[in-house]
Amino acid sequence: MTSGLFSYFLLGISLSAPVGPINVAQINKGIKNGFWNAWLVGIGAMIADVCMMLLIYFGITRIFEYEGVKLTMWLLGFITLSYLGYDSIRNASMNISADINAQKKESLGKSFLSGFLIAVSNPLNIVFWVGIYGSMLTSVINKLGKQEALLYSTAIFVGITCWDLFMATIVHFGRKRLNLNVLKWVSIIAGVVLIGFGLTFGYQAIKSMLSLLS
């Protein structure tokens with residue numbers, strides 16, 4: 001059982017490690033505001049993941065099979081990520097002062113909310129939880145039971161938490177070694193990447209809309 005739990009712990013890390021909207025937001029918030037803001041972005045995203053896991057566990061995810069709901073999620077992802085990307089570019093210069101330790105920091109609650117909104121509005125995140133996690137949960141429940149399924153799910157979230165801590169720590173200590181111009185461009189690039197993800201979701205929304213109209 002220990003080896004099984006460890007494998008799901010590694011699964012949690014592997015799910016968090018690829019560069020995506022959450023990692024980009026963590027880097028952006030961490031460079032501007034430090035460890036706690038970067039970590040709270042990850043925690044916000046993880047809370048959204050926990051909500052999705054509970055929906056799957058209690059069998060409420062069939063709603064995502066409807067085309068209208070899919071279209072809504074694509075549009076929500078497009079609007080949320082595009083706005084966060086725009087906000088990152090717009091504030092690239094004004095959020096970075098000559099003394100990075102003295103600058104006015106973003107509230108922890110706002111960083112947490114950013115992570116939560118990115119995760120809950122990311123259709124690809126929903127596809128993962130409904131598809132991959134849903135099938136994994138069914139398999140574990142059939143073989144071991146519901147209590148063990150929750151235990152294995154917890155191992156996934158422990159892995160996600162460890163990766164979030166790692167990211168927040170790296171960004172926190174790395175930010176003080178960067179000059180202001182680099183910090184500005186990191187913020188701009190992060191914004192462009194977020195808008196890129198948003199436009200991808202917008203494209204999917206258009207395809208979904210055409211599918212509904214045809």
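The chain is numbered in sequence order, starting from 1.
Of all heavy-atom pairs spanning Ala38 and Gly30, the tightest one is CB-CA, 3.6 Å. Counting all heavy atoms, side chain and backbone alike, Ser153 lies closest to Met53 at CB-SD, 3.4 Å. Among all heavy-atom pairs drawn from Gly198 and Ser82, the shortest one is CA-OG, 3.9 Å. Taking every heavy atom of both residues into account, Val120 and Ala48 meet most closely at N-CB, 4.1 Å.
The stretch residues 34-44 participates, sequence neighbours left out, in these side-chain hydrogen bond (donor to acceptor under 3.5 Å, both in side chains) pairs: Asn37-Ser111.
Relative ring orientation between Phe201 and Phe197 is described as tilted, the plane-to-plane angle lying within the 30° to 60° band.
With sequence neighbours left out, Phe78 forms a ring-ring contact (aromatic ring centres under 6.0 Å, His included) with no residue at all. Every residue meeting the side-chain contact (heavy atoms from CB on, under 4.5 Å) condition with Leu75, not counting sequence neighbours, appears here in chain and number order: Leu71, Ala205. Every residue two or more places apart in sequence or in another chain that forms a side-chain contact (heavy atoms from CB on, under 4.5 Å) with Ser121 is listed here: Leu76, Thr80. Scored by the ring-ring contact (aromatic ring centres under 6.0 Å, His included) test, Phe166 finds Trp163 as partners (sequence neighbours excluded). Every side-chain contact (heavy atoms from CB on, under 4.5 Å) that Thr169 has, sequence neighbours left out, goes to Phe35, Phe173. Residues passing the side-chain contact (heavy atoms from CB on, under 4.5 Å) test with Ala25, sequence neighbours excluded: Val41, Ile118.
The closest donor-acceptor contact from the side chain of Ser208 to the backbone of Gln204 lies at 3.5 Å or more, if one exists at all. With Asn33 contributing its side chain and Lys29 its backbone, the two residues share a donor-acceptor pair below 3.5 Å.
Within the 4.5 Å cutoff, side-chain heavy atoms of Met167 are placed close to those of Ile27. With a 4.5 Å cut-off on side-chain heavy atoms, Ile89 and Ile195 count as touching. Contact annotation: the side chain of Leu5 never approaches that of Phe9 to less than 4.5 Å [non-hydrogen atoms, C-beta and beyond].
Put simply, Tyr86 and Tyr203 are part of two different groups of oily side chains (I, L, V, M, F, W, Y) that touch within less than 4.5 Å, one to the next. The hydrophobic cluster containing Met209 does not contain Ile79, counting ILVMFWY residues as joined when their side-chain heavy atoms lie under 4.5 angstrom apart, directly or transitively. A chain of hydrophobic side-chain contacts below 4.5 Å, direct or via other Ile, Leu, Val, Met, Phe, Trp or Tyr residues, connects Val50 to Leu165.
Taking CG from Asn23 and CG from Asn28, the interatomic distance works out to 12.5 Å, rounded to the nearest 0.5 Å. A distance of 10.0 Å separates CG of Asp164 from CG of Leu40, quoted to the nearest 0.5 Å. Separating the SG atom in Cys162 from the CZ atom in Phe157 is a distance of 13.5 Å, to the nearest 0.5 Å. With values rounded to the nearest 0.5 angstrom, Thr161 atom OG1 is found 10.0 Å from Ile13 atom CD1.
Hydrophobic clustering, defined by side-chain heavy atoms of Ile, Leu, Val, Met, Phe, Trp and Tyr closer than 4.5 Å, groups Leu210 together with Ile206.
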